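Quick note on labels: first sequence line is chain A, next is B, and so on, each numbered from 1. Since we're looking at a predicted model, the values are computed, not measured.
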Amino acid sequence: MSDKDTQPLTGKDLARKPRGFPDKREGLIHAQAKLVETVTGIYRKWGFEALETGAFEYADALGKFLPDDDRPNAGVFAIQDDDEQWMSLRYDLTAPLARFIAEAGQTVGRPFRRYAAGPVWRNEKPGPGRFREFWQCDADTVGAPGFHADAEMIAMGAEALRAVGMETGEFVIRVNTRRLLNGVLESVGAASADTRLAILRALDKLDRLGASGVADLLGKGRLDDSGDFTKGAGLGDAEVKAVLAFAEAGAKTRAETLANLSKAAGNSEEGKAGLAELEAIAVALEALGAPEGDVVIDPSVVRGLEYYTGPVYEAELLREVTGEDGKTYRIGSIGGGGRYDDLVARFTGETVPATGFSVGISRLASALAIMGETVKLDGPVVVLNLDKDSPAVALEIATMLRRAGLRAEAYMGGSGMKGQMKYADRRGAPAVVMVGSNEIEAGTVTIKDLEMGAMKAKAIQSNEEYREARPGQIEVPRDQMVEAVRRIVEAQG
RNA sequence: GCCGCCUUAGCUCAGUUGGUUAGAGCGCUGGUUUGUGGAACCAGAGGUCCUCCGUUCAAACCGGAGAGGCGGUACCA
């Protein structure tokens, strides 16, 4: 940026990582893979099929904006193709789907029910649980005009979150509709786009700032803890009250909320239509068996994406996230979605009603990681290399184990036995196999069950006794090695 | 983007109101134990004290700028 730090970095300074692009290791990768497998499994069960698109889309296909100066827009990562056209990394999985539908035309039947999982990129400020590269797992129904399709997305989303381990009270899916919001905006006479936007943004913060904070934002403005002043929407007291009454209409049950809303939503056409949408969704949710605790109607839900045209839903993690450092972290939204009836029409002019739900895989995984709920490492069986001058024995043993379908490696490092045991321990190896001169002479191998060894060692008091005991260790003839190792691995599950 | 706080060993942190060779715990490496991780004891190796510029006889410490981190706020298709 400035001209004085143009000196090239050297040495360790070179090894930097851009913020928000996480390095992921064994534990996290497997946790994420498992989440993806579980969630897509639910989507498949509900009758969705796989469809994936590429990482880049033309910038104008992704959104309404056009290239201005150097970059099309902050918020996305964009580069120019060799023909100078702007391409952007996708910021979600929905906009590329709309492009695909427009392009594929009649070659896909309607309704088209698809799921997809993959990384998306947003050029925003990262934080704990907030990344610039992160995974989403989406399901969408294209060509579905009825609100029961939205209800299906919501109920399926709740099922997916339960499948990844969320229990009653640990998450909630809050449902609203844009049309109800439009009705409220109309009823308070919010005409300008700026004012409407300011009101929606204020509403969206109800859960975080509370009624008084939102009231400030709806009115004159709000001074936050850091001393920063946020300009308000400029509504009068009566209007602020009306909007707040609407936003706080949420009640314990969906039926109660709907009853409250019918009073607070005003008489506009949009408001009535919105109420009808939510009523239809509520009926369908009953039929789908979605528990009241999992899915609530909450008129303060807005969601940022501009392409939503009707119902919107947001899945929030309620479970307290406390790290091993004792700090609590606010993870917030772990998924959401909504109806986007006009997204395909941008390309073809043909209105294609569609609705979708997305699970924030990276958020979920980092919430689990912060809580210390990482999956147990399941490393390979490690064959120790005791005679470093002739590693062939270790290679041979490892090959036997692999041919039998077991995950195994011969030690490749340069350390002594103690170091090799430490290595196996750190890798999460279920067992090590040792073949030294004693074993070669006797035609046997020594197998150590590391898990059992650890367990037995707990009962041992003195260091000498520990050295003597060789806990969890057995010696078997070489031709029984594979089965003995297999028993140990399987016993550990 | 704006505001505040922070940056010393691999990690968590001490540190002298500016004064020689910058410390601890954990971890790591080696040994006690030709060949035994998670236990014990002994020893050892790790540092441009975030970077650059300035003040000073002297800067890890003071001043300025920058980078990175954390938190808040804004933005978030």
[atom1]-based separation of [M] from [N] [nearest Å]:
{"N": "B:U33", "M": "B:C70", "atom1": "P", "answer": "48 Å"}
{"N": "B:C49", "M": "B:C6", "atom1": "C1'", "answer": "15 Å"}
{"N": "B:A43", "M": "B:U48", "atom1": "P", "answer": "26 Å"}
{"N": "B:C76", "M": "B:G15", "atom1": "C1'", "answer": "43 Å"}
{"N": "B:C61", "M": "B:G23", "atom1": "C1'", "answer": "16 Å"}

Could you pick out which residue, A:D92 or A:G453, lies toward the 5' side of RNA chain B when each is mapped onto its nearest nucleotide?
->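 So the residue in question is A:G453.
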Taking for A:R426 and for A:L217 the nucleotide of RNA chain B with the nearest heavy atom, the one nearer the 5' end belongs to A:R426
Classify the nucleic acid contact of [X] as base, sugar-phosphate or nothing, counting any heavy atom under 4.0 Å across all strands shown.
{"X": "A:G419", "value": "nothing"}
{"X": "A:S437", "value": "base"}
{"X": "A:E57", "value": "nothing"}
{"X": "A:M455", "value": "base"}
{"X": "A:K422", "value": "sugar-phosphate"}
{"X": "A:Q420", "value": "nothing"}
{"X": "A:R90", "value": "nothing"}

Under 3.5 Å donor-acceptor pair, [X] side-chain atoms to [N] base atoms:
{"X": "A:E451", "N": "B:G37", "result": "no"}
{"X": "A:K448", "N": "B:G35", "result": "no"}
{"X": "A:K418", "N": "B:U29", "result": "no"}
{"X": "A:R130", "N": "B:C76", "result": "yes"}

Separation of atom [atom1] in [X] from atom [atom2] in [N], rounded to whole Å:
{"X": "A:E314", "N": "B:C76", "atom1": "CD", "atom2": "P", "result": "14 Å"}
{"X": "A:D449", "N": "B:G37", "atom1": "CG", "atom2": "C1'", "result": "13 Å"}
{"X": "A:I440", "N": "B:U34", "atom1": "CD1", "atom2": "P", "result": "18 Å"}
{"X": "A:M417", "N": "B:G31", "atom1": "CE", "atom2": "P", "result": "14 Å"}
{"X": "A:Y423", "N": "B:G35", "atom1": "OH", "atom2": "P", "result": "20 Å"}
{"X": "A:Y91", "N": "B:C76", "atom1": "OH", "atom2": "P", "result": "13 Å"}
{"X": "A:R222", "N": "B:C75", "atom1": "CZ", "atom2": "P", "result": "12 Å"}
{"X": "A:F134", "N": "B:C76", "atom1": "CZ", "atom2": "P", "result": "15 Å"}

N/O donor-acceptor pair under 3.5 Å between A:Q492 side chain and A:P430 backbone | yes
### Query
Side chain of A:Y43, backbone of A:C137: donor and acceptor closer than 3.5 Å?
yes
* To do: Taking the side chain as every heavy atom from C-beta outward, state whether A:L93 and A:E52 have any pair of such atoms under 4.5 Å apart.
  => no
Side chain to side chain, A:L89 and A:V76, heavy atoms closer than 4.5 Å
no
With a 4.0 Å cutoff (strictly under), does any side-chain N or O of [X] reach OP1 or OP2 of [N]?
{"X": "A:R201", "N": "B:C75", "result": "yes"}
{"X": "A:R470", "N": "B:G35", "result": "no"}
{"X": "A:K205", "N": "B:C75", "result": "yes"}

Next item on the list: Examine the side chains of A:D342 and A:T309 and answer whether a donor and an acceptor come within less than 3.5 Å of each other.
Entry: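 Judged by distance alone, the side chains do not pair up.
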Margin query: Does either side chain, that of A:T355 or that of A:Y313, offer a donor lying less than 3.5 Å from an acceptor on the other one?
Written below: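 Their side chains do contain a donor-acceptor pair, which is all the 3.5 Å distance test asks for.
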Among [options], which is the nearest nucleotide to the side chain of [X]?
{"X": "A:L450", "options": "B:G35, B:U73, B:G37", "answer": "B:G37"}
{"X": "A:D425", "options": "B:G35, B:C28, B:G37", "answer": "B:G37"}
{"X": "A:K125", "options": "B:G35, B:C28, B:U73", "answer": "B:U73"}
{"X": "A:R19", "options": "B:G68, B:A74, B:G35", "answer": "B:G68"}

query = Crowded around A:K220 NZ? As in, over 12 foreign heavy atoms under 6.0 Å?
reply =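 Result for NZ/A:K220: open.
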Determine if the base of B:G30 is syn or anti; take syn to mean the glycosidic torsion is within 90° of 0.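 You should classify B:G30 as anti.
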Across all chains, not counting sequence neighbours, the salt bridge (Lys or Arg N to Asp or Glu O under 4.0 Å) partners of A:E133 are none
All salt bridge (Lys or Arg N to Asp or Glu O under 4.0 Å) counterparts of A:R122, not counting sequence neighbours
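Here no residue qualifies.
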The dot-bracket string of RNA chain B, counting Watson-Crick and G-U wobble pairs with both distances under 3.5 Å, using [ ] for crossing pairs and | for pairs to another strand, is (((((((..((((.....[...)))).(((((.......))))).....(((((..]....))))))))))))....
Smallest heavy-atom separation, A:F357 atom then A:A315 atom, equals CZ-CB, 4.2 Å
